[in-house]
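Just so you know, these numbers use all the heavy atoms, side chains as well, and skip hydrogens, waters and symmetry mates. The residues of the chain are indexed from 1 along the displayed sequence.
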Amino acid sequence: MAVPSLLLGDVRNLITSARETVSRGVNAALVLLYWKVGERIRLDVLREKRAGYGDRIVSALATQLEADFGRSFAERNLRRMIQFSEVFPDSQIVSALTTQLNWTHFVDLLPLNKPHQRDFYAEMCRVERWSTRTLREKINGMLYERTALSKKPEKLIKKELADLREQDRLTPDLVFRDPYLLDFLGLKDTYSEKDLESAILRDLESFLVELGSDFAFVARQKRIVVDGDDFYLDLLFYHRSLRRLVVIDLKLGKFAPADIGQMEFYMRWLKKNEMRPGEEEPLGLILCAEKSDERIEVFELATRGIRVAEYLTALPPKKLLEQKLHNAVQLAQSRIADTKSKGEA
């Protein structure tokens with residue numbers, strides 16, 4: 001007897017949904033168990049101040065637990081559990097993260113030695129539902145160091161991460177990067193803005209991954225008409241969490257002040273003609289091959305809803321990229337300190 005397709009589909013969905021719910025519950029319970037095991041061992045080691053006690057007790061405990069419960073409790077994993085409870089000391093935060101993060105996610109986060117960096121990846125992973133593979137790619141691509149957030153004073157970084165954790169509140173400083181890594185486009189030697197735009201659309205999925213998971217593509221070369229003249233926006237996206245249209249203007253050369261006027265024109269037109277009730281004002285991203293941070297700072301673009309970022313069509317050696325981002329963070333924080341000291345003078 002043939003089974004009605006609607007009945008079969010509904011029953012399959014019920015089974016799949018139940019399995020996913022059970023899987024999430026098991027994952028959460030397992031991660032919290034590992035946290036509790038690590039915390040219990042850590043407290044015992046802290047109480048005993050004898051030299052070498054920690055290493056000996058962990059080794060002895062692992063031998064017994066592995067025999068009783070299997071390789072999940074081998075010495076290497078026990079040490080990870082102890083580190084887990086050290087770097088994530090709040091069990092309530094761990095519990096909230098387990099809605100999306102499994103144990104492998106946490107293992108990938110443990111080597112990160114900067115608390116804000118680790119918290120950023122953990123919360124973005126939760127909000128954007130990254131797989132472990134995506135998390136590793138984001139860490140290897142130095143996503144945190146490429147956000148505007150990393151260049152802020154520590155107090156503001158802490159506040160934005162707390163808002164993200166407690167309210168799922170994303171801000172432009174968490175969303176936009178600099179530079180954008182577009183090596184997947186495969187562009188070589190000389191190319192035009194049209195070539196760059198076409199390459200992005202040809203590999204739109206990878207471009208959206210680099211932009212962030214809440215970006216949705218809206219239009220390419222969107223035509224706007226003002227006083228009978230035609231103008232065209234390179235790329236138009238919508239960010240669901242920010243509830244904003246985001247226009248991207250592609251530039252092959254170095255950022256120029258004239259680019260700002262053009263972007264503001266596009267944004268004002270979108271605000272007047274495309275913005276819907278409940279949405280925030282449009283944002284603009286000028287993607288260029290080269291920029292001067294000092295020149296950009298003069299225009300105070302962040303307050304005007306405009307971001308300027310470089311794009312890299314070929315990845316430099318990681319050490320070079322690390323140094324470039326480190327210098328950018330140092331420069332930004334130095335300018336913030338100078339501005340603060342002048343204000344207090």
- Task: Check the pair Q117, Y121 against side chain to side chain donor-acceptor pair (under 3.5 Å), reporting the backbone distance first and the verdict last.
- Result: CA-CA 6 Å; Q117 178 193 35; Y121 285 115; 5.0 Å; no
- Could you go step by step and tell me if D119 and H116 meet the side chain to side chain donor-acceptor pair (under 3.5 Å) rule? CA-CA 5 Å; D119 290 346; H116 294 326; 4.8 Å; no
- Query: Can you check whether E274 reaches W269 side chain to side chain, under 4.5 Å on heavy atoms?
  - Reply: yes
- Ion pair check, R79 and D55, cut-off under 4.0 Å: yes
- I41 side chain near M81 side chain, heavy-atom distance below 4.5 Å: no
- Which atoms form the tightest heavy-atom contact between V247 and M263, and what is the distance? CG1-SD, 3.2 Å
- Query: Can you find a heavy atom in the side chain of H105 that is under 4.5 Å from one in the side chain of V31?
  - Reply: no
- Query: Looking at side-chain heavy atoms only, is the closest gap between T104 and R136 below 4.5 Å?
  - Reply: yes
- Message: Measuring only between side-chain heavy atoms, which start at C-beta, is E279 closer than 4.5 Å to R244?
- Response: no
- Note on the structure: Heavy-atom closest pair (R42 atom, E86 atom, distance to 0.1 Å) is CD-CG, 3.1 Å
- Task: Could you tell me how the ring of F255 sits relative to the ring of F299: parallel (under 30°), tilted (30 to 60°) or perpendicular (over 60°)?
- Result: perpendicular
- Message: In terms of relative ring orientation, are F237 and F207 parallel, tilted or perpendicular, with 30° and 60° separating the classes?
- Response: tilted
- Item | Y34 ring center near F84 ring center (under 6.0 Å) | no
- Heavy atoms only: give me the nearest S91-L32 pair and the separation to one decimal. O-CD2, 4.3 Å
- Taking side chain as C-beta onward, heavy atoms only, is F73 less than 4.5 Å from L61? no
- Task: Among K291, K151, R146, R307, find the one that has a salt bridge (Lys or Arg N to Asp or Glu O under 4.0 Å) with D178.
- Result: K291
- Message: Within the 4.5 Å heavy-atom criterion, are V175 and L283 side-chain neighbours or not?
- Response: no
- Is there a salt bridge (Lys or Arg N to Asp or Glu O under 4.0 Å) between K194 and E197 once you walk through the steps? CA-CA 5 Å; K194 185 177 180 181; E197 183 182 313; over 6 Å; no
- Query: So, for L287 and E310, which heavy atoms are closest and what is the spacing to 0.1 Å?
  - Reply: CD2-O, 4.0 Å
- May I have the step-by-step check of ring pair (Phe, Tyr, Trp, His ring centres under 6.0 Å) for F231 and F265, ending in yes or no? CA-CA 10 Å; F231 301 88; F265 170 67; 4.9 Å; yes
- Task: Grab the two heavy atoms, one from L185 and one from D203, that are nearest each other, plus how far apart they are.
- Result: CD2-CB, 4.3 Å
